[in-house]
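First the structure, in the form of structure tokens, and then the observations on it.
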Amino acid sequence: MTENEIAYTTDLITDYAEVVIPLALPLNYTWAIPERLKEAAVVGCRVEVNLGKSKRYAGVIKRIHKKPPEFFEAKEIVNVLDAEPVVFDSQLQLWEWIAKYYMCTEGEVMAAALPAHFKLSSETILVFNEEAGEDFTELGNEAFLVAEALLLRKELKLTEVQQILDSTHVYPVVNYLIQQKICYVWESLKERYSPKKETYVLLSPAYTDEVALEQLLNTDKKLQRAEKQLELLLAYLHFQKTEGAITKSALLKKAGATEAQLKGLVDKGVLFLEKRAVDRIRFLPKEINVNFELSPAQAKALDEIRGILKEKDVCLLHGITSSGKTEIYIHLIEEQLRMGKQVLYLLPEIALTSQTIRRLQRHFGGHIGVYHSRFSQNERVEVWNKVKDGSLKIVLGARSSLFLPFQELGMIVCDEEHDTSYKQMEPAPRYHARDAAIYFASLFEDCKVVLGSATPSFESFSNAMHQKYGLVSLAERFGNLALPEIAIADTRRYRTKEFAGTILYPPLVESIHRALEHKTQVILFQNRRGYTPYQRCNTCGWVPQCKHCNVSLNYHKFYNKLVCHYCGTTYPPLVTCPSCGGHDFVQKQFGTERIEELLQELFPAAKIGRMDIDAVRGKHAHDQLIQTFEQQKLDILVGTQMVVKGLDFEYVSLVGIVDADGILSFPDFRVNERSFQLMEQVSGRAGRKHGTGQVMIQTAQPTHPVLLEVQQHDYQKLFNDEMPKRQQFGYPPYTRLIRLTFKNKIREVVQDAAAWFFNSLQNRYKDFIVGPSEPVINRVRNQYLMELLLKLPRSSKIIDSCKKEVLYNIALMHQEKRYRSVVVIPDVDPY
DNA sequence: AGCACGCCGACT
DNA sequence: GTCGGCGTGCTC
Ligand SMILES: [Zn+2]
Ligand SMILES: [Zn+2]
């Protein structure tokens, strides 16, 4: 073949690309790679592809091969969008693993993994950045053309850029312009997140060199007659050295100085003020500053972890509240950093407060990036790129930061590993970030996982007991802080008429009085108002249980029956309490608002705050409320699970758990584990620095084993008590669960479909399948729901084949006319 | 996810 | 008679 002939055979396709597009397709589709894109089409790059008649998507190339598809004509890739891959092989492998394990599609994983802006479409709008100036002569030819157009028009659609440039060059040029900050991708107001700003104090550049500073302090006339200002300046220099950047409010508080004194220094040009966002990275110097001493207990734990990680991939750090796990992580992170490796530090979303962020910034400055759902898409892309090119070494992030393109990952820390927010519930991919992180780490040469918790999940703890993970315990509170005294207020003693309907009983009220008298603060905890109506004995707190499933029964008002929401068995309603003979059951539930009202009546002089989902709906309301409370502008804080996380309240002397019985009767097989975790963490908020704190638990079941275990802080006993029950009733960690939710408009149809499915799995999974049952909330967005639960033995062979069987049966069911539109949602390892 | 195709009710 | 409701199926 001559050169001429080659030139005429451009439509001869030899290469094909398997592409993941952000859709719930059961398998990946294949597109043909035209000759002109052969060079550019690389695995991990985004490509623009047509699907159907008129849709265009940005997908990611997963695989390139030379096998022409047999059963269809592959369309050509329209364009390659990236000059270099946006994801590495390890991301593609993670996507595939998650899709298989959690029974969803790779497209769904991709949609969750990539920042929305990577899913660029031709309708995307570019906005000119007014701060970019007007001089674009430094840019390349094509970028120059687009920049000029942007300067003129202020906004351009991607299709319009396409008209300016040769169509194959659009995306590389646009990416370049975004990187140069000449334009950014338009975001609707709703998406935009204005980072929380704080005023920082900085030394004027004129005095950053030692000599000038020396002169200022000793001989300069500027400060000779302003002793207080000099004092403040010295204090500033001290804090700057020990803590790095310092905020205005912190400086004034710590130095005991006034606004006027600071203003004096600012006016004289010695210091200046600057508003900065705490969770943004660019201002902080890239330094490593781990200069604190570990306690002997911490040092020992650190050594043990190091030793274990030489042999095992995962180490569980079981450290009681306030034992100082974070300091240990900081040392481990430092080691990775010094080896040039990256570190992912996972935290539950609500623990990711500016307090937590600043604490790590103090040690790692600009090496740290933050990634969470409140970030705008533009910011996510920025962090994404910096992780990919290795300029960010540490990412402090919530669940979804697992998808970032790390290249040289040395360690993943998963703090509060028991936290339920690591599991994504809606929509797919319903993955568990902790478990997926362990898989992800295995893709790297030498990447270790450290799980940390004061109250480990039974899954992790039993893995540690079976030597699958290493286990290190830290049983000593840092600085030997006293553990709070845990008092149990027995509400059965107040059963006379005058106490009917009481929410805050005398012992708790009295303790609050005392705390307020001592000018200390109080936290009251109340569980989120459950939508689960149940029958609970008003006298002894007893709640009927399902004899098959060992969970609390729900009360169905309409049918006047008790029903198990796992297996669907119904029971007659209670008339007489089998535990105490009482006859009084139904009770109204109350939330934090009601408690807040009551407190206002009881303590009219106290300043009371409320922290729950509703009260902190705004962007920074959560941070703000924490700060207000920390500054002792509130006396009592009433809250739900939110008060449990990321708080470090010094002046709290009393924590009250208003309704322990409500917590203990939650209809979930993990109730006891959860209750212990919750109460243990709530207790941790009491008496952290100033004397012994008190925790008061109101309950009608003062001898409930979990309460005693909380009182003794005895996790091991809880574990030993609970595990036999898990085994007996077939629950994790002895089994693996898959929950199937069926959805349809017509109630009878879902019910029948679930029954059909149950029957169809009967022959092979008879002993493992529970249900069908109607969930408590049986209708969501006009769709009725039904559930089946699979309790599978822990053999990956059985689990894998069962997953296949389930998918096969879904397809089979959809062939049945009546069930065609029944949607089945599998949830693997529901939490 | 879209979008076309197709099958039934009520409207100029 | 046709218009438009949405349930169903398909997209490399
Ligand atoms: Zn009773
Ligand atoms: Zn049951």
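Below, chain A is the first sequence line, B the second, and so on; all start at residue 1. Keep in mind that what you see is a predicted model, and the values were worked out from it rather than measured.
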Please find out if less than 6.0 Å separates the ring center of H814(A) from that of Y819(A). no
note: E48(A), atom CD; dC12(C), atom C1'; distance rounded to Å ~ 16 Å
What integer distance in Å separates F71(A):CZ from dC10(C):P? 16 Å
Picking from dG7(C), dG9(C), dC12(C), the nucleotide nearest the side-chain atoms of W31(A) would be dC12(C)
Counting the atoms with a prime plus P, OP1 and OP2 as sugar-phosphate, which does N50(A) contact under 4.0 Å by heavy atoms, base, sugar-phosphate, or nothing? sugar-phosphate
Charged N-O contact under 4.0 Å between E96(A) and K100(A): yes
Whole angstroms only, please: what is the CZ-C1' distance between F72(A) and dC12(C)? 4 Å
Base, sugar-phosphate alone, or nothing: which one does K817(A) contact when heavy atoms must sit under 4.0 Å apart? nothing
Using a heavy-atom cut-off of under 4.0 Å over every strand shown, decide if E73(A) touches base, sugar-phosphate, or nothing. sugar-phosphate
Is K53(A) side chain donor-acceptor paired with the dT11(C) base, going by distance under 3.5 Å alone? no
What contact category does L25(A) fall into here, base, sugar-phosphate, or nothing, at under 4.0 angstrom with non-hydrogen atoms? base
OP1 or OP2 of dG9(C) sitting under 4.0 Å from any side-chain N/O of R820(A)? yes
Could you tell me the separation between the OH atom of Y819(A) and the C1' atom of dT8(C), rounded to a whole number of Å? 18 Å
May I have the distance from I21(A) (atom CD1) to dC12(C) (atom C1'), rounded to whole angstrom? 8 Å
L51(A) CG to dC10(C) C1', straight-line distance once rounded to whole Å: 9 Å
When we call it a touch if two heavy atoms are under 4.0 Å apart, what does K55(A) touch: a base, just sugar-phosphate, or nothing? base
Across the strands shown, which category fits T30(A) at heavy-atom distances under 4.0 angstrom: base, sugar-phosphate, nothing? base
Could you work out which one of dG7(C), dT8(C), dC12(C) sits closest to the side chain of K745(A)? dG7(C)
Got a second to check how far L761(A)'s CG is from K766(A)'s NZ, nearest 0.5 Å? 13.5 Å
Could you tell me whether E426(A) atom CD has more than 12 heavy atoms of other residues or ligands within 6.0 Å of it? yes
With respect to the side chain of Y57(A), which nucleotide from dA1(B), dG9(C), dC12(C) is positioned closest? dA1(B)
Output yes when a side-chain donor or acceptor of D82(A) lies under 3.5 Å from a complementary backbone atom of R46(A), and no otherwise. yes
Euclidean distance, atom CD1 of residue I13(A) to atom C1' of dC12(C) [Å, nearest integer]: 13 Å
